[in-house]
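Report on one structure; see the data block that follows.
Every number for a ligand or one of its atoms is a count from 1 in the order of the listing. The first residue of the sequence shown is numbered 1, and numbering continues consecutively from there.
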Amino acid sequence: MLRVNDIYRSFGERAVLQGANFALKPGTINGLIGPSGGGKSILLKIIAHTCKCEYGSVVFDKGISVTDVGLMFQEGALFDSMSVYDNIAFPLVGGKVPTNSLPKEVRESVCEKISEILARVGLTRAAYKMPAQLSGGMRRRVSLARALVGRPKILLLDDPTSGLDPVASSVIMDLIVELHREYSPTTVLVSHDLRRLLPAVERILALFDGQIAFDGSLSDLAQSAPAFVRSFVSCRFELPALPTEPSVTV
Ligand SMILES: Nc1ncnc2c1ncn2[C@@H]1O[C@H](COP(=O)(O)OP(=O)(O)OP(=O)(O)O)[C@@H](O)[C@H]1O
Ligand SMILES: [Mg+2]
């Protein structure tokens with residue numbers, strides 16, 4: 001379980017998070033949705049401890065710490081001056097890239113992990129390319145590989161398909177679901193692409209006005225989410241039809 005307790009965060013006058021609360025079950029894949037500028041990225045960064053909150057706490061399960069969190073930043077955020085290989089090695093070696101100066105056994109183990117994840121994301125031949133030589137979709141796959149290479153127990157993916165064409169978006173989303181099936185990290189996936197996101201997740205968290213306004217499954221969303229959440233979703237995704245009342249014949 002990962003528990004986010006009453007998080008507050010503001011920037012200047014603007015209170016972005018105003019008491020965000022939720023808990024995640026281990027191994028689940030959860031979608032975080034909400035309007036642009038609503039604080040989704042900030043919330044993921046607070047969970048990953050790359051951003052501070054003014055009030056509240058993030059509590060991990062016993063035996064889990066912030067080092068078990070993998071965050072894929074919005075827009076990918078690769079290091080442009082490093083090869084694909086070094087970008088992916090970065091979290092594994094605590095930033096000690098290039099890896100030449102590390103002991104041979106460490107280098108070999110790092111190399112094995114990177115080769116494995118590059119094969120999974122279909123980028124084996126791009127290992128020594130620089131980010132500028134890659135397409136947008138390939139860069140996203142490198143970011144995904146970097147978030148996943150350490151097999152984090154908690155995986156936070158911030159809008160991994162934004163700006164990609166429909167084919168590249170489907171490739172990324174399918175890969176996320178497939179990788180999740182393989183080792184089930186507790187995952188939070190942010191996306192504006194609700195048509196791809198909602199069918200892929202077990203649970204939906206909707207962040208509105210700095211709070212979690214809805215937390216439940218897709219059918220719960222269709223039936224019992226607040227009207228503003230339903231209308232936000234239904235502009236982008238056809239909600240499942242509500243069961244109709246059985247007709248009574250007299
Ligand atoms: N470092 C910062 N300094 C000042 N304001 C910031 C900073 N980071 C975020 N904000 C503000 O916090 C608010 C929430 O931003 P955030 O990026 O978390 O939204 P979001 O829900 O991820 O939006 P999107 O869906 O567009 O990615 C925005 O108003 C943004 O301008
Ligand atoms: Mg964002």
Can you list the ligand 1 atoms lying under 4.0 Å from a non-hydrogen atom of [X]?
X	result
H192	24 (P), 25 (O)
V16	12 (O), 13 (C), 14 (C)
G38	19 (O), 20 (P), 21 (O)
Q74	27 (O)

Quick one: nearest non-hydrogen protein atom to [atom], plus distance?
atom	answer
atom 22 (O) of ligand 1	S41 OG, 2.8 Å
atom 13 (C) of ligand 1	R14 NH1, 3.3 Å
atom 24 (P) of ligand 1	S36 OG, 3.6 Å

N/O donor-acceptor pair under 3.5 Å between [X] side chain and [Y] backbone:
X	Y	answer
K40	P35	yes
N30	V188	no
S135	M138	yes
R196	P166	yes

(message) Distance check below 2.8 Å: does S41 bring an N, O or S atom to the Mg ion (ligand 2)?
(response) yes

Tell me if the [atom1] atom of [X] is crowded by more than 12 foreign heavy atoms within 6.0 Å.
X	atom1	value
N5	CG	yes
E202	CD	yes
Y55	OH	no
R236	CZ	yes

Is [X] close enough to touch ligand 1? Criterion: a residue heavy atom under 4.0 Å from a ligand atom.
X	answer
K45	no
G34	no
P35	yes

Can you find an N/O atom of [X] closer than 3.5 Å to an N/O atom of ligand 1?
X	answer
D159	no
F11	no
G39	yes

(request) Tell me whether the guanidinium CZ or amine NZ of R203 lies under 6.0 angstrom from the six-membered ring centre of F22 and within 45° of its axis. (result) no

(request) For atom 30 (C) of ligand 1, decide whether some protein heavy-atom distance is shorter than 4.0 Å. (result) no

(message) Considering S191, G37, G210, S162 one by one, which has a heavy atom nearer to atom 20 (P) of ligand 1 than any of the others?
(response) G37

(message) Could you work out, for atom 15 (O) of ligand 1, the closest of L207, L32, I46, I42 by heavy-atom distance?
(response) I42

(request) Salt-bridge test for R120 and E116: reply yes if a basic N is under 4.0 Å from a carboxylate O, no otherwise. (result) no

(request) Measure across P160 and L189 and return the closest heavy-atom pair with its distance rounded to 0.1 Å. (result) CG-CD1, 3.6 Å

